[in-house]
Protein chains: 6
Amino acid sequence: MLDTWLDEDLGRGDLTQSGIHSSKIVNAHWECKQKGIFCGGGLVKSLYSHLDPSVSILLKKADGESFTHGERIMKLNGPVSSLLAGERTALNLAMHLSGIATATEKLVSEIQNTGVLLADTRKTTPGLRQLEKYAVRCGGGVNHRLGLDDAAMLKENHIAWSNGIESSIKNLRKSIPWTSKIIVEAETDQQAKEAVLAGADGVLLDEMSVDSIHKLVPQLRTLANQASREIMIEASGIDPTEIKSYASTGVDIISSSAPVTKSNWIDFSMRFSEKGENE
Amino acid sequence: MLDTWLDEDLGRGDLTQSGIHSSKIVNAHWECKQKGIFCGGGLVKSLYSHLDPSVSILLKKADGESFTHGERIMKLNGPVSSLLAGERTALNLAMHLSGIATATEKLVSEIQNTGVLLADTRKTTPGLRQLEKYAVRCGGGVNHRLGLDDAAMLKENHIAWSNGIESSIKNLRKSIPWTSKIIVEAETDQQAKEAVLAGADGVLLDEMSVDSIHKLVPQLRTLANQASREIMIEASGIDPTEIKSYASTGVDIISSSAPVTKSNWIDFSMRFSEKGENE
Amino acid sequence: MLDTWLDEDLGRGDLTQSGIHSSKIVNAHWECKQKGIFCGGGLVKSLYSHLDPSVSILLKKADGESFTHGERIMKLNGPVSSLLAGERTALNLAMHLSGIATATEKLVSEIQNTGVLLADTRKTTPGLRQLEKYAVRCGGGVNHRLGLDDAAMLKENHIAWSNGIESSIKNLRKSIPWTSKIIVEAETDQQAKEAVLAGADGVLLDEMSVDSIHKLVPQLRTLANQASREIMIEASGIDPTEIKSYASTGVDIISSSAPVTKSNWIDFSMRFSEKGENE
Amino acid sequence: MLDTWLDEDLGRGDLTQSGIHSSKIVNAHWECKQKGIFCGGGLVKSLYSHLDPSVSILLKKADGESFTHGERIMKLNGPVSSLLAGERTALNLAMHLSGIATATEKLVSEIQNTGVLLADTRKTTPGLRQLEKYAVRCGGGVNHRLGLDDAAMLKENHIAWSNGIESSIKNLRKSIPWTSKIIVEAETDQQAKEAVLAGADGVLLDEMSVDSIHKLVPQLRTLANQASREIMIEASGIDPTEIKSYASTGVDIISSSAPVTKSNWIDFSMRFSEKGENE
Amino acid sequence: MLDTWLDEDLGRGDLTQSGIHSSKIVNAHWECKQKGIFCGGGLVKSLYSHLDPSVSILLKKADGESFTHGERIMKLNGPVSSLLAGERTALNLAMHLSGIATATEKLVSEIQNTGVLLADTRKTTPGLRQLEKYAVRCGGGVNHRLGLDDAAMLKENHIAWSNGIESSIKNLRKSIPWTSKIIVEAETDQQAKEAVLAGADGVLLDEMSVDSIHKLVPQLRTLANQASREIMIEASGIDPTEIKSYASTGVDIISSSAPVTKSNWIDFSMRFSEKGENE
Amino acid sequence: MLDTWLDEDLGRGDLTQSGIHSSKIVNAHWECKQKGIFCGGGLVKSLYSHLDPSVSILLKKADGESFTHGERIMKLNGPVSSLLAGERTALNLAMHLSGIATATEKLVSEIQNTGVLLADTRKTTPGLRQLEKYAVRCGGGVNHRLGLDDAAMLKENHIAWSNGIESSIKNLRKSIPWTSKIIVEAETDQQAKEAVLAGADGVLLDEMSVDSIHKLVPQLRTLANQASREIMIEASGIDPTEIKSYASTGVDIISSSAPVTKSNWIDFSMRFSEKGENE
């Protein structure tokens with residue numbers, strides 16, 4: 001994708017550069033204009049090395065590390081024309097991804113020490129799914145399935161259109177790789193119990209209240225235990241402001257799209273300095 | 001990009017579908033779960049027609065139209081396997097773009113009737129620049145340059161590394177297409193005046209206070225007038241909460257990255273119904 | 001890949017056609033020159049519809065169906081130039097895939113009624129993995145993981161380079177999507193038991209004798225039961241001629257690369273006839 | 001194609017590696033588990049250098065060289081994550097191609113010292129034609145035309161649909177590059193003779209018996225001689241077990257698809273060892 | 001390539017159209033502003049059908065047909081936005097190719113009735129080789145080899161770096177497909193004779209005078225005859241103004257790059273008319 | 001595009017090389033066979049470095065520099081197989097582009113010292129627009145817009161289909177980026193005046209006589225002056241032989257497609273020499 005992203009900004013070439021013709025080798029650095037969790041360092045290095053292998057970058061923060069206002073995130077050195085050609089694209093990537101990592105970390109810190117994991121969803125910006133899921137990991141979250149091919153998930157409509165949960169799971173076991181899990185999205189207690197009894201690997205309790213889940217989880221654990229099975233229980237479709245309460249219900253995982261769909265970019269900017277001046 | 005986006009979600013194929021084998025033809029619709037400005041209708045049609053030409057879509061809202069909570073944005077009809085295969089990607093695109101259109105419209109409505117235009121910036125999500133700039137237009141904004149090849153813009157560093165604004169503009173006129181404009185980003189009054197005198201097509205007043213701009217604009221207009229020239233004056237780097245005050249300074253344009261970098265996705269969801277039931 | 005495959009044969013264009021200039025519309029059919037299981041019908045239709053939408057194909061056998069010597073697998077109708085342009089590529093695909101489906105079916109029929117599944121491996125022809133795995137399903141087999149991203153599998157070397165099975169599984173649960181399984185490839189009884197105790201989702205018993213597996217399986221089942229867990233047990237690295245004995249050991253799955261690496265192509269050929277003559 | 005092949009196995013990334021995080025630099029080697037002719041060394045080097053330029057490979061066998069059971073084919077050194085990421089794809093390529101080279105060499109050795117060449121056909125695995133044709137050369141064979149654009153070949157149907165061999169050849173000479181040969185596939189003596197008289201560059205005697213060809217060849221040579229022309233005579237569609245008899249008929253070339261369509265993969269495996277231990 | 005060519009002109013979209021928003025369906029035609037030989041009709045149809053399937057085109061001239069000043073070459077009908085979007089690219093292709101066809105026809109007409117063929121060379125515009133070679137055929141010429149993989153040609157340097165013509169030909173026969181010809185480029189009489197004796201399929205007499213060739217050709221024919229071989233003799237590197245004299249030397253073929261490297265575009269233009277007005 | 005261009009010539013590989021197997025490292029140089037302006041040096045370096053990084057090239061002429069018959073343009077050193085593999089493609093590019101630069105320079109020299117600029121047009125060879133526009137700059141010309149997305153240009157038909165020039169410009173200002181210019185192509189005095197009054201950034205006087213333009217220009221300047229605006233005036237559709245007269249009319253720019261559509265390739269050839277011999 002690096003080429004696509006760079007082309008998108010460079011098009012037929014940087015007009016301004018074409019009139020300046022500067023071949024200066026300069027230093028630059030990225031400055032943080034607020035605090036947060038960094039994400040995108042390796043990507044920025046790949047982008048610049050793709051654009052011009054003579055650009056060198058020294059990362060001051062690893063992906064997943066926190067930074068504060070005013071800190072320098074990385075140092076760059078190279079031809080001014082190359083630094084400028086990649087500037088906007090590199091910043092756009094890192095500002096967007098760091099925004100996601102920062103928002104994730106905020107949610108994760110709320111459920112710290114509960115043993116409950118925060119997972120993402122498939123609500124990701126088209127073209128950036130793997131990077132955004134990586135940003136979620138940088139912020140301390142875990143990933144839900146990466147795509148439709150990654151695990152089977154029976155949702156409301158699948159269940160409605162088939163002969164019920166049990167028969168669907170039986171059919172899926174024959175058609176999907178034996179290495180793939182089957183998850184059931186339950187909208188009612190009944191569906192959740194059926195899923196456990198039918199041998200689902202996980203149950204997703206969708207848009208249920210804290211109270212409902214609190215009562216349901218022990219029942220599901222007991223059912224699974226009786227069948228010598230383990231079950232992963234996930235709460236989804238929750239209001240992020242209630243995450244703490246949900247974390248106390250006994251579920252294993254809470255999933256939320258908020259780090260992607262409701263986060264702001266983190267503000268970084270690139271500062272230049274003549275060689276020598278800035279070290 | 002349609003293939004890339006679909007592949008990202010479908011990967012090696014929808015596992016859940018592979019076990020359900022439903023060939024049902026169903027109706028579906030998209031429901032709005034909050035109010036806003038729609039963007040992405042044509043794109044969703046292209047996506048589905050690329051995926052399966054037998055899917056038909058009836059748009060209830062044109063791009064740029066407003067919708068309220070509970071409204072239906074579009075109706076879909078087609079094989080359930082195809083509707084599900086494109087569901088997440090289509091929603092992700094439209095939810096993201098409608099978020100931008102909605103945020104744009106909010107800013108535009110604040111400067112309504114001032115004659116001042118709201119422009120976007122090059123801070124766009126990598127891979128989605130043209131779509132995000134389209135979403136800004138749907139929200140009532142205008143576009144700034146689309147890429148580095150679209151107009152020449154002399155920034156702080158270009159000026160520092162060359163022999164000043166006048167000589168830079170002279171050089172650019174020789175190297176860029178005669179059909180391209182030259183814009184100067186000024187950080188001081190002095191730079192802005194030099195730019196006008198040197199024949200720039202536009203001047204961008206960056207991170208200046210409302211007061212400074214208020215005083216500077218008439219001076220720039222006078223200089224331009226004396227030289228029988230017209231000049232476009234833009235305020236950039238502003239705090240979006242002060243946009244109304246900036247609109248009263250006499251500038252022609254205000255640019256802001258906020259509709260892209262600080263907007264939330266709009267929440268749509270796809271609802272299915274057996275054929276017949278839902279018309 | 002359709003374009004790549006067609007280009008590979010057509011290159012700069014069919015020279016022979018260029019001198020014949022035949023615009024005849026003709027009938028043709030594919031004839032089987034031996035018996036087997038068919039695979040590739042949908043693919044051949046896609047290939048021809050990509051090459052020339054005016055070619056029509058009537059499949060006489062569905063993928064997964066058996067055929068005998070002399071049977072006609074499909075009928076084609078279209079411009080002779082198009083039928084010839086795709087002939088070799090279409091036949092090559094179907095002959096190769098039907099060879100795999102046929103070889104799979106032969107192994108599957110040997111373990112019929114044992115409840116044991118036959119799975120494939122990642123030993124597939126570069127560029128054709130998904131199609132070859134599909135051919136295995138057409139022959140009655142199930143798929144193992146589709147790629148390295150599809151489930152985690154701890155092999156000999158992973159275990160050697162880490163701090164053992166238990167700690168590796170613990171680390172993996174944090175880094176991989178929670179929807180992904182963890183499989184352990186065990187070369188000793190000890191490793192297999194450790195894997196079960198550490199909570200692996202599956203254990204793969206590699207290159208063990210029928211006797212060893214026969215003794216080991218009940219022990220693993222007991223361990224899993226005590227921990228209220230279920231475990232999938234797979235035998236791999238077996239000699240295909242002993243598959244029946246392995247199927248009696250109590251394992252759930254036997255995997256084999258033989259349908260891909262030791263199968264011959266099935267012989268089909270395309271016969272032409274003037275329109276009218278052949279219906 | 002290297003990217004496509006690697007992606008096919010790596011997908012969204014090696015999950016197992018993601019939990020092990022081993023940055024160890026290790027040695028490895030490829031061990032032969034049976035004898036044969038090697039093919040694919042350069043390709044494996046390209047694949048790994050594409051994946052990670054820091055991997056170094058020392059080939060112990062050149063393409064086309066023979067190896068025996070237990071021999072080491074190559075030594076590798078590099079980061080364990082890179083060696084594992086390319087392992088399956090590299091092995092799949094070399095095992096498949098070495099299978100073809102080995103099968104070719106077996107046929108070639110049967111017609112050794114007869115002066116007759118063994119040629120391949122266009123029956124090749126889609127996506128791998130050039131590599132499989134290279135494997136045939138490594139096994140001592142020569143290539144037939146690489147694609148439909150590489151020489152004109154009049155087959156049964158072309159002849160039936162045109163005004164006969166002579167007129168077809170005349171037309172082809174005008175439409176194809178003058179640097180391209182014209183070959184005629186003959187199913188009868190009569191067609192073969194017509195082809196020679198009409199100035200074909202080669203004649204392919206298809207599915208004829210040894211006896212028929214034995215009688216026909218001298219007649220064709222005489223006809224060609226009388227016309228001051230040279231003609232290449234090829235036997236095709238033969239049973240590989242009769243290749244020796246066909247080689248005694250006076251033909252110049254025998255073509256066979258068997259090395260591609262009826263060969264088994266050669267078994268190699270990659271063995272790892274801690275740095276230092278294995279030299 | 002159609003996408004690349006259209007993108008080159010359309011870039012991020014036709015700005016002028018974006019402000020006009022005309023959805024008119026209009027008629028248009030292409031008018032010739034000079035006489036010549038047409039080439040590019042099918043290509044223009046493909047280009048427009050790729051851009052917008054609703055555009056219909058009626059060709060008034062087939063490729064290879066002559067036209068005069070003022071004639072209409074084709075009629076178009078479709079949405080004005082689509083007609084304009086493809087206008088420049090379509091015209092550029094057809095004007096360039098018709099220029100080549102016209103220049104070819106002029107040379108071909110000079111050697112009419114001599115039985116000598118006019119061939120092109122590998123001096124073609126990068127990206128357009130197959131189209132330019134097609135234009136040469138439209139003008140009555142034949143093609144030389146299409147690329148380096150299409151026939152072997154021993155040039156001055158190949159001969160210098162090997163052990164001479166005879167040994168080079170012997171080596172080539174073993175390494176290239178048996179279906180490929182071997183041509184020798186001779187700069188002296190001696191080389192030409194060696195080539196014939198060594199069994200070359202063709203000899204190219206490069207930059208020799210008319211007189212030299214006149215003397216050499218019968219000698220080469222005699223040598224070939226004595227060896228029961230046929231040889232194609234080509235004159236290359238000639239001055240196009242002397243083509244008539246070269247055609248009288250007894251060579252089979254004359255090759256020239258002039259139709260590509262020294263031709264002017266033919267002037268066509270597209271004229272629009274409101275629907276109804278122009279039929 | 002480098003890959004496409006090389007593939008076009010190399011196809012499935014250089015057959016001649018395959019039989020010569022020369023691994024010689026040799027020197028070579030490019031010799032000019034006529035005088036002109038060079039263009040393509042950087043491109044040839046990129047092409048060879050893409051093909052084989054071990055090839056080194058020393059340019060003796062920079063792009064835009066003049067050369068005379070017999071001069072050496074560049075020196076090359078590298079494996080003979082690589083030099084030959086890129087030879088034809090590299091020469092084709094540079095010969096074509098230098099032809100354009102040379103033709104441009106001839107026109108530019110005719111209007112030297114008049115202050116009038118020579119611009120190109122969108123009549124460029126499909127696939128090579130950016131390179132051909134670069135060649136025009138190397139010859140001393142300036143570029144017109146690079147594509148339809150680069151500036152808005154109202155032509156005859158746009159005006160006819162809209163509500164006139166003034167309303168079209170008003171609409172365009174709202175839909176195109178504010179950084180883009182609007183140009184009007186005028187076929188009459190009246191249209192030109194309307195364009196100036198409506199605030200066009202440039203006016204293009206198409207196919208008007210020298211006299212008409214001579215009279216019109218001062219009128220347009222006056223109108224612009226009265227509105228405190230600047231206007232760029234261009235003459236287009238001119239006969240290149242009259243360029244001097246047009247340059248005296250007071251226009252700012254003259255555009256011509258002749259350097260692309262009516263230029264001949266410059267003749268270069270590559271000469272080889274054994275290492276050492278040629279320095």
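Lettering follows sequence order; numbering is per chain, from 1. Values reported hereafter were calculated over all heavy atoms of this structure, with side chains retained and with hydrogens, waters and symmetry mates removed.
For L6(E), no part lies under 4.5 angstrom from a heavy atom of chain F. Only the backbone of A151(E) comes within less than 4.5 Å of a heavy atom in chain F; its side chain stays farther off. Looking at D267(E), the atoms closer than 4.5 Å to chain F (heavy atoms on both sides) all sit in the side chain, from C-beta outward. For a residue to count as touching a neighbouring chain, one of its non-hydrogen atoms must lie under 4.5 Å from one of that chain's; by this rule I266(F) does not touch chain E. With a 4.5 angstrom heavy-atom cutoff, A85(F) touches chain E only via backbone atoms. Contact of S167(F) with chain E is not made at all, since no heavy-atom distance falls under 4.5 Å.
The candidate with the highest count of non-hydrogen atom pairs below 4.5 Å against chain E, out of T89(F), T125(F), D7(F), is T125(F). Here G11(E) is the residue among S257(E), G11(E), S168(E) with the most heavy-atom pairs under 4.5 Å with chain F. The most heavy-atom pairs under 4.5 Å with chain F, out of I169(E), T4(E), N171(E), L128(E), come from L128(E). The choice from G99(E), G127(E), G147(E) that makes the most heavy-atom pairs within less than 4.5 Å of chain F is G127(E). Ranked by heavy-atom pairs under 4.5 Å with chain F, the list R12(E), R173(E), R129(E) is led by R129(E). Of the listed residues T124(F), L172(F), T261(F), the one with more heavy-atom pairs under 4.5 angstrom with chain E than any other is T261(F). The candidate from K262(F), R122(F), K155(F), Q130(F) with the greatest count of non-hydrogen atom pairs under 4.5 Å with chain E is R122(F).
A salt bridge does not link D9(F) to R88(F): none of the charged side-chain nitrogens sits closer than 4.0 Å to a carboxylate oxygen.
Side-chain contact check for E234(F) and S255(F): at least one donor-acceptor pair (N or O, by modelled atom type) lies under 3.5 Å. A donor-acceptor contact under 3.5 angstrom links the side chains of S236(E) and D206(E), judged on distance only. Residues Y134(F) and D63(F) bring a donor and an acceptor atom of their side chains to less than 3.5 Å of each other. Judged by distance alone, the side chains of H50(E) and D3(E) do bring a donor and an acceptor atom under 3.5 Å apart. For the residue pair E132(E) / H96(E), a side-chain donor-acceptor distance below 3.5 Å is found, with atom types taken as modelled. At a cut-off of 3.5 Å, with distance as the only test, no side-chain donor of Q17(F) or S81(F) sits close to an acceptor on the other residue.
With values rounded to the nearest 0.5 angstrom, R137(F) atom CZ is found 12.5 Å from I100(F) atom CD1.
One N or O on the side chain of S162(F) and one on the backbone of I159(F) form a donor-acceptor pair closer than 3.5 Å.
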